Protein chains: 2
Amino acid sequence: MKQILSGDDLIKLLAALSNPFRLKIIAILHQEKQYVSQLARELGISRPLLYLHLQKLEEVELIKGHHEISETGKAMKYYELNSFNIVLNEQIIADLAENLSIKKRKD
Amino acid sequence: MKQILSGDDLIKLLAALSNPFRLKIIAILHQEKQYVSQLARELGISRPLLYLHLQKLEEVELIKGHHEISETGKAMKYYELNSFNIVLNEQIIADLAENLSIKKRKD
DNA sequence: TACACCTGTAATATAATTATTACATATGAA
DNA sequence: TTCATATGTAATAATTATATTACAGGTGTA
């Protein structure tokens with residue numbers, strides 16, 4: 001995970017964390033790496049939806065996926081958690097807010 | 001600001017922080033308290049939109065509003081920033097993820 | 001072959017967030 | 001009175017985020 005964030009990166013990171021399924025994914029992967037289908041079962045959601053959440057977490061580098069060949073020869077996709085430590089206070093946010101992009105509607 | 005958060009509270013807090021206007025509001029209020037119309041001018045947005053953002057920040061107790069009577073006698077609504085310090089790592093999130101509510105669609 | 005697993009994505013629907021427009025009300029000053 | 005300032009909200013539109021459904025393909029085993 002990046003050490004120095006831009007304001008935009010911070011927003012993406014916080015957005016990635018502000019969803020219950022994604023927090024639960026982090027909690028599960030904190031125990032041990034897990035593959036997609038098993039994760040979907042544990043969370044009680046469909047794989048397509050899970051992929052969406054995994055992508056958001058991977059985009060901000062909170063998790064990382066890789067392929068493994070199981071003992072029985074099947075291709076499995078495992079995800080594991082990256083370690084991170086985020087500190088937020090008013091000074092840090094004030095600094096990062098300096099360079100922040102605002103999306104314009106209908107340009 | 002609360003010291004002990006639930007998982008749901010954490011999500012609300014992070015959601016409140018994952019918006020560029022709201023980070024800018026925090027940055028401005030970090031300098032000094034400000035009243036609504038002036039804030040809207042500085043941010044370049046309408047007051048109705050600003051109210052929406054202010055409400056989200058106030059709901060999670062990052063800011064606090066109060067009324068003041070200006071020298072000229074007008075009622076002004078000022079907002080000021082609460083100090084905060086948020087630390088997030090995988091262990092903290094794993095703990096908070098234990099009690100997390102998942103919204104059901106069409107129950 | 002048929003079954004039980006697995007990965008992956010496209011197309012679509014639903015819900016939530018963000019943004020706009022249009023009001024109503026009040027005060028002080030010219 | 002008229003103008004410029006302020007607070008506040010209701011109704012609606014636009015955009016983004018979430019969620020579902022329906023596919024296509026692969027491997028190992030009975």
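Side chains are part of it too, since the values below use all heavy atoms of this structure and drop only hydrogens, waters and symmetry mates. Predicted model only: the values in this text are computed from it and were never measured.
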Asker: Between the base of C:dT7 and the side chain of A:Lys77, is one N or O donor paired with an acceptor at under 3.5 angstrom?
Answerer: no

Asker: Could you give the OH-to-P distance, from B:Tyr35 to D:dA6, as a whole number of Å?
Answerer: 4 Å

Asker: Would you say D:dA17 has OP1 or OP2 under 4.0 Å from some side-chain N or O of A:Arg22?
Answerer: no

Asker: Taking atom C1' of D:dG25 as reference, at what distance in whole Å does atom CE of A:Met76 sit?
Answerer: 16 Å

Asker: When we call it a touch if two heavy atoms are under 4.0 Å apart, what does B:Phe21 touch: a base, just sugar-phosphate, or nothing?
Answerer: sugar-phosphate

Asker: Under 4.0 Å between a side-chain N or O of B:His66 and OP1 or OP2 of D:dT7?
Answerer: no

Asker: Side chains of A:Gln38 and A:Glu42 only: does a donor on one sit below 3.5 Å from an acceptor on the other?
Answerer: yes

Asker: Specify the separation, in whole Å, of atom CG of A:Leu39 and atom C1' of C:dT7.
Answerer: 14 Å

Asker: Any side-chain to backbone donor/acceptor pair from A:Gln34 onto A:Glu80? Under 3.5 Å, distance only.
Answerer: no

Asker: To the nearest Å, give me how far apart CG (B:Leu52) and C1' (D:dG8) are.
Answerer: 14 Å

Asker: To the nearest 0.5 Å, how far apart are CG in B:Leu88 and CG in A:Leu23?
Answerer: 9.0 Å

Asker: Relative to the 5' end of DNA chain C, which residue comes earlier, B:Lys56 or B:Arg47, by the nucleotide with the nearest heavy atom?
Answerer: B:Lys56

Asker: Starting at CG of A:Leu17 and ending at C1' of D:dT18, how long is that distance when rounded to a whole Å?
Answerer: 17 Å

Asker: Between D:dT7 atom C1' and B:Tyr79 atom OH, what is the distance in whole Å?
Answerer: 10 Å

Asker: Would you indicate what A:Thr72 reaches in the nucleic acid, counting non-hydrogen atoms under 4.0 angstrom: base, sugar-phosphate, or nothing?
Answerer: sugar-phosphate

Asker: Is there a side-chain polar atom (N or O) of A:His53 under 4.0 Å from OP1 or OP2 of D:dA17?
Answerer: no

Asker: Looking at B:Asn19, does any N or O in its side chain come under 4.0 Å of the phosphate oxygens OP1/OP2 on C:dT18?
Answerer: yes

Asker: Which listed nucleotide (C:dT20, C:dC5, D:dT5) is nearest to the side chain of B:Ser46?
Answerer: C:dT20

Asker: Could you tell me whether the phosphate oxygens of D:dG8, OP1 or OP2, come under 4.0 Å of any side-chain nitrogen or oxygen in B:His67?
Answerer: yes

Asker: May I have the distance from B:Tyr51 (atom OH) to D:dA6 (atom P), rounded to whole angstrom?
Answerer: 11 Å

